[in-house]
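For reference, the structure discussed in these notes is given below.
We name chains A, B, ... by the order of the sequence lines, and we start the count at 1 in each one.
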Number of protein chains: 2
Amino acid sequence: MRGIDVDSMLCFDLYSTHHAVGQIYTPLLTPLGLTYPQYLVLVVLWRSDDLVVGEIGERLHLESSTLTPLIKRLEGQGLVRRTRDARDERKVRVTLTPEGRALRQQASHIPGCIMAAFGLPLDELIALHTTLGRVRASVLARAAADGA
Amino acid sequence: MRGIDVDSMLCFDLYSTHHAVGQIYTPLLTPLGLTYPQYLVLVVLWRSDDLVVGEIGERLHLESSTLTPLIKRLEGQGLVRRTRDARDERKVRVTLTPEGRALRQQASHIPGCIMAAFGLPLDELIALHTTLGRVRASVLARAAADGA
DNA sequence: TACGATTTAATCGTGTACGATATTAATCAC
DNA sequence: GTGATTAATATCGTACACGATTAAATCGTA
């Protein structure tokens, strides 16, 4: 019974903390006309523009079935362009428009707001980052082992 | 630029670790015919049966617009019953059926599997739980302050 | 070169998730 | 005690998110 508690709480910690962070993002992103997943795609593109759908999916752990409509919505807002790769027509290259690049400035205050909302000193933020990275690696290794 | 990195990574840590944990849950829950949110509702009911929709929503941070159809699916599977509260007909009481209670045994191995997948010693699991609890409280306080 | 296997996105169906709104029941004000 | 307000759930529209399937292009190899 005690073991069940620790487990449930820890999984639920991830779930509910993630959920709480979403509540911080929403009021920051709504004025920009973005959802959180859309913002993540733009963050990826701001870091390295001109990516193929699959590359964005790799970085965000998202499938094409999720990304295709999402990116089409970004295209509809004039933030990105979707073009077939000339060399390999299976691939769709996603590039920022000038509007998409410009939005980066309007979003530049967001990371600081989020970090502040966490309410942890820098060294604890880094420790949390490290711990979560270890957990993720361990969990993914287990998932891969089960899959095999 | 450095601040942006730490922030992005930490938010994304929660997002992607949560995502990875989902990959562990899915093969464990699919044989039981459950999704992760459905499992969470049952965990809540296994702990204290006969709750009102709003009480389940409080515990899981979910709205009635999410819970109503989800609980109806559990009802369709014969795991719970939904009945109007006799004293206050606005409320819908959710109670486990014998099948819903019985499923607890079939799911009893899951918490151990999850905890093992985390790959952390117990003291670090507890520390992570504590840290995430603090983060969540801080973030929720900030969200409430912004909302006010 | 031809043809089967692989890769890449897109599509489809199901299930969350939320905000806004609607609906119904209970409670409050006076 | 009736009308306004509040509370609880349900409904609706939009947007993820995934697995399974499909379609088209490329690659491997005979």
Side-chain angles (χ1 to χ4, degrees), chain A residues 15-16 18-27 29-42 51-77 79-80 82-94 143 147, chain B residues 15-16 18-27 29-42 51-77 79-80 82-94 143 147:
Chain A
Y15 175 84
S16 59
H18 175 251
H19 183 271
V21 171
Q23 288 188 258
I24 297 291
Y25 268 112
T26 300
L29 292 175
T30 301
L32 306 181
L34 295 175
T35 64
Y36 180 59
Q38 289 169 6
Y39 170 72
L40 287 180
V41 168
L42 289 179
L51 291 174
V52 160
V53 172
E55 293 171 325
I56 299 174
E58 258 176 50
R59 285 164 171 73
L60 298 179
H61 307 297
L62 292 176
E63 308 298 319
S64 72
S65 47
T66 302
L67 281 175
T68 296
L70 189 160
I71 293 172
K72 282 184 179 173
R73 276 176 217 114
L74 290 177
E75 189 184 33
Q77 296 176 52
L79 299 174
V80 304
R82 288 158 16 92
T83 52
R84 286 279 162 190
D85 187 308
R87 292 183 210 284
D88 185 344
E89 297 235 334
R90 292 171 303 182
K91 299 181 179 176
V92 168
R93 308 207 69 88
V94 183
Chain B
Y15 176 84
S16 59
H18 175 249
H19 183 271
V21 171
Q23 288 187 262
I24 298 291
Y25 267 112
T26 300
L29 292 175
T30 301
L32 305 181
L34 295 175
T35 65
Y36 180 58
Q38 289 168 7
Y39 171 72
L40 287 181
V41 168
L42 289 180
L51 291 175
V52 159
V53 172
E55 293 171 325
I56 298 174
E58 260 176 49
R59 284 165 172 73
L60 299 179
H61 308 297
L62 293 175
E63 309 296 319
S64 73
S65 47
T66 301
L67 282 175
T68 296
L70 190 160
I71 293 172
K72 282 183 178 172
R73 277 179 215 111
L74 291 177
E75 188 184 34
Q77 297 176 51
L79 299 173
V80 305
R82 300 165 63 249
T83 52
R84 287 280 161 185
D85 187 309
R87 292 183 212 284
D88 185 342
E89 297 234 333
R90 293 172 302 181
K91 299 181 180 175
V92 169
R93 307 207 70 88
V94 183

Subject >> Presence of Gln38(B) side-chain N/O under 4.0 Å of dT16(C) phosphate oxygens OP1/OP2 >> reply: yes
Subject >> Contacts of type side-chain hydrogen bond (donor to acceptor under 3.5 Å, both in side chains), residue Arg90(A), not counting sequence neighbours >> reply: Asp88(A)
Original post:
When all nucleic acid strands are considered with a 4.0 Å heavy-atom cut-off, which category describes Leu62(B): base, sugar-phosphate, or nothing?
Top reply: sugar-phosphate
**OP:** Looking at every strand, decide which applies to Leu70(A) at a 4.0 Å heavy-atom threshold: base, sugar-phosphate, or nothing.
**Re:** sugar-phosphate
Subject >> Nearest-Å distance for atom pair CD1/P, residues Ile71(A) and dT8(C) >> reply: 15 Å
**OP:** State, yes or no, whether a side-chain contact exists between Leu60(B) and Leu40(B) at a heavy-atom distance under 4.5 Å.
**Re:** yes
Subject >> Pairs satisfying salt bridge (charged side-chain N to carboxylate O under 4.0 Å, His left out), at least one member in residues 53-77 of chain A, at least two apart >> reply: Glu75(A)-Arg82(A)
Subject >> Approximate separation, where rounding is to 0.5 Å, of Arg93(A) CZ and Thr83(A) OG1 >> reply: 7.5 Å
Taking only N/O atoms, report every protein-nucleotides 26-28 of chain C pair under 3.5 Å with atom names and distance.
residue, atom, partner, partner atom, Å
dA26(C), OP1, Glu89(B), N, 2.9

Using atom names, set out every protein N or O paired with an N or O of nucleotides 19-22 of chain C below 3.5 Å, distance rounded to 0.1 Å.
residue, atom, partner, partner atom, Å
dG19(C), O6, Ser65(B), OG, 3.1

Subject >> Val80(B) vs Leu42(B), side-chain contact (heavy atoms from CB on, under 4.5 Å): CA-CA, chis, key distance, verdict >> reply: CA-CA 9 Å; Val80(B) 305; Leu42(B) 289 180; 4.2 Å; yes
Original post:
NA contact type, Arg73(B), heavy-atom cut-off 4.0 Å: base, sugar-phosphate, or nothing?
Top reply: base
Subject >> Phosphate contact (dC18(C) OP1 or OP2) by His61(B) side-chain N/O below 4.0 Å >> reply: no
**OP:** Take Tyr36(A) and Thr26(A) through the side-chain contact (heavy atoms from CB on, under 4.5 Å) test and state the conclusion after the steps.
**Re:** CA-CA 7 Å; Tyr36(A) 180 59; Thr26(A) 300; over 6 Å; no
Original post:
Can you pull the contact range of chain B along DNA chain D, 5' to 3', using atoms under 4.0 angstrom from its heavy atoms?
Top reply: dA7(D) to dC18(D)
Original post:
Can you check the Gln23(A) CD to dC18(C) P distance for me, whole Å?
Top reply: 8 Å
**OP:** Rounded to the nearest angstrom, tell me the gap between atom OH in Tyr15(B) and atom P in dT16(C).
**Re:** 17 Å
Original post:
For DNA chain C, whose closest nucleotide is more 5', that of His19(A) or that of Val53(A)?
Top reply: Val53(A)
Original post:
Roughly how far, to the nearest 0.5 Å, is the CD atom of Gln38(B) from the CG atom of Leu70(B)?
Top reply: 5.0 Å
**OP:** Carefully, step by step, assess Thr68(A) and Val92(A) under the rule side-chain contact (heavy atoms from CB on, under 4.5 Å).
**Re:** CA-CA 10 Å; Thr68(A) 296; Val92(A) 168; over 6 Å; no
Original post:
Measuring from Ile71(A):CD1 to Leu62(A):CG, what's the distance to the nearest 0.5 Å?
Top reply: 9.5 Å
Original post:
Going through the checks in order, is the side-chain contact (heavy atoms from CB on, under 4.5 Å) test met by Ile56(B) and Leu67(B)?
Top reply: CA-CA 8 Å; Ile56(B) 298 174; Leu67(B) 282 175; 4.1 Å; yes
**OP:** Would you mind reading off the distance between Leu74(B) atom CG and dG15(C) atom P, rounded to a whole angstrom?
**Re:** 11 Å
Subject >> 5' precedence on DNA chain D between Pro69(B) and Tyr36(A) (nearest-nucleotide basis) >> reply: Pro69(B)
Subject >> Residues that Ser16(A) engages under side-chain hydrogen bond (donor to acceptor under 3.5 Å, both in side chains), provided they are two or more places apart >> reply: Arg136(B)
